[in-house]
Amino acid sequence: MLKIATWNVNSLRVRLPQVLEWLQQHQPDVLALQETKLTDAAFPHSAFSEIGYHAVFAGQKTYNGVALLSQIASQTTITTLPTLADEQQRFLAATYPFQNKELHIVNVYVPNGAELGCDKYFYKLRWLESLHRYLQESIQQFSNIVVLGDFNIAPTDADVLNPTDWIDSILTSDSERQALQHLFDLGLSDAFRLFSQPEHSFSWWNYQAGSFRRNDGARIDLILLTNSLKAMAKSCYIDTAPRRLPRPSDHTPVVLELQTF
DNA sequence: ATGGTCGCCATGCGA
């Protein structure tokens with residue numbers, strides 16, 4: 001069994017104890033982190049190596065930042081989207097050898113987009129097009145690809161509590177969903193929806209206005225799989241436990257279990 | 001209808 005997970009931690013400095021605890025409890029083969037908000041010089045790699053995890057990371061001061069933690073070392077890593085000139089650290093791809101096969105893992109922190117029609121929104125759409133170009137190429141090179149992270153898009157109305165609250169809104173707009181569909185059209189599947197799931201399953205809840213208590217969230221943290229891996233998927237679930245801890249991230253982990261090759 | 005909360009870092013910005 002291979003266990004692969006994603007978690008937007010909203011500051012790795014603040015959440016490090018929670019991440020270490022979660023790794024020890026769940027022992028994932030790979031954990032993708034977003035919003036580490038740390039420079040590479042400040043990355044706490046020794047805290048992870050002490051509990052048996054390798055780390056690769058692409059960070060910057062104050063904002064953004066992605067990392068991949070893994071029980072086995074990655075062969076090669078790519079720390080910027082080759083298809084976009086971007087100063088923001090939102091992309092990290094690594095290839096891992098599992099049972100003599102290559103698994104290409106792409107960790108993304110898709111721009112939030114702020115609100116429809118603004119500069120950040122168009123940056124989000126451009127970023128997603130660039131990701132599409134990257135994956136188009138990668139699919140030629142790797143048969144087994146996992147694309148996971150904070151997509152900042154709720155794929156369908158089933159992925160928010162009350163769709164009428166989200167009409168013409170960021171995270172749900174037609175252009176964002178079309179950009180995500182364009183990724184699915186490459187032959188990628190939303191792993192969570194390969195299985196029957198509880199209604200109102202979310203991975204992010206606003207810190208404000210008691211959103212978590214009211215379960216007023218959105219499922220915006222996704223794990224996409226190529227067809228080769230789809231057949232091996234055994235389960236996909238959201239672990240809401242870390243969202244209940246004191247000083248939680250506003251996101252909680254999403255976990256994929258794959259039958260071994 | 002507005003403001004409500006975090007994390008960054010020292011003030012507003014981004015989410």
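A, B, ... follow the sequence lines: proteins, then strands. Residue 1 opens every chain. In this text, all values refer to a predicted model and were calculated from it rather than measured experimentally.
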Checklist outcome for this item: In A:Ile145, A:Leu256, A:Leu188, the residue satisfying side chain to side chain contact (heavy atoms under 4.5 Å, CB included) with A:Leu225 is A:Leu256

Next on the checklist: Over all strands shown, is A:Arg213 touching base, sugar-phosphate only, or nothing at heavy-atom distances under 4.0 angstrom?
Outcome noted: nothing

Checklist entry - Do any side-chain nitrogens or oxygens of A:Arg243 fall under 4.0 Å of OP1 or OP2 in B:dC6? => result no

Checklist entry - Taking the side chain of A:Arg15 as heavy atoms from C-beta outward, which of B:dC9, B:dG7, B:dG4 is closest to it? => result B:dG7

Checklist entry - Distance between the P atoms of B:dG4 and B:dC9, in whole angstroms? => result 24 Å

Next on the checklist: Taking only the C1' atom of each, what is the distance from B:dA1 to B:dC6 in whole angstrom?
Outcome noted: 23 Å

Next on the checklist: Counting only heavy atoms from other residues, nucleotides and ligands, does the tally under 6.0 Å from CG of A:Asp168 exceed 12?
Outcome noted: no

Checklist entry - Charged N to carboxylate O below 4.0 Å: is that the case for A:Asp159 and A:Arg177? => result no

Item to check | Who pairs with B:dC9 - Watson-Crick or G-U, where each distance is under 3.5 Å | outcome: none

Item to check | Candidate list A:Asn215, A:Asp216, A:Asp250, test side-chain hydrogen bond (donor to acceptor under 3.5 Å, both in side chains), partner A:Trp205, passing option | outcome: A:Asn215

Checklist entry - Picking from B:dG7, B:dA15, B:dC9, which would you name as closest to the side chain of A:Gln208? => result B:dA15

Item to check | Residue mapping more 5' on DNA chain B - nearest nucleotide basis, A:Leu12 or A:Tyr207 | outcome: A:Tyr207

Item to check | First encountered from the 5' end of DNA chain B, between A:Pro111 and A:Thr36 | outcome: A:Thr36

Checklist entry - Does A:Arg247 put a side-chain nitrogen or oxygen below 4.0 Å from OP1 or OP2 of B:dT5? => result no

Next on the checklist: Taking 4.0 Å as the cut-off, does a side-chain nitrogen or oxygen of A:Thr62 come that near to OP1 or OP2 on B:dC13?
Outcome noted: no

Checklist entry - With respect to the phosphate group of B:dG14, does any side-chain polar atom (N or O) of A:Lys120 fall under 4.0 Å of OP1 or OP2? => result yes

Checklist entry - Checking all strands, does A:Tyr109 fall into the base, sugar-phosphate, or nothing category for heavy-atom contacts under 4.0 angstrom? => result sugar-phosphate

Checklist entry - Considering only the P atoms, how many Å lie between B:dG3 and B:dC13, rounded to the nearest integer? => result 16 Å

Checklist entry - B:dA15, B:dC8, B:dG7: which one has an atom nearest the side-chain heavy atoms of A:Glu35? => result B:dA15

Checklist entry - Does B:dG3 have a Watson-Crick or wobble partner in any strand here, with both distances under 3.5 angstrom, and which is it? => result none

Checklist entry - Are more than 12 heavy atoms from other residues, nucleotides or ligands located less than 6.0 Å from atom CD of A:Gln75? => result yes

Checklist outcome for this item: Picking from B:dC9, B:dA15, B:dG7, the nucleotide nearest the side-chain atoms of A:Lys61 would be B:dC9

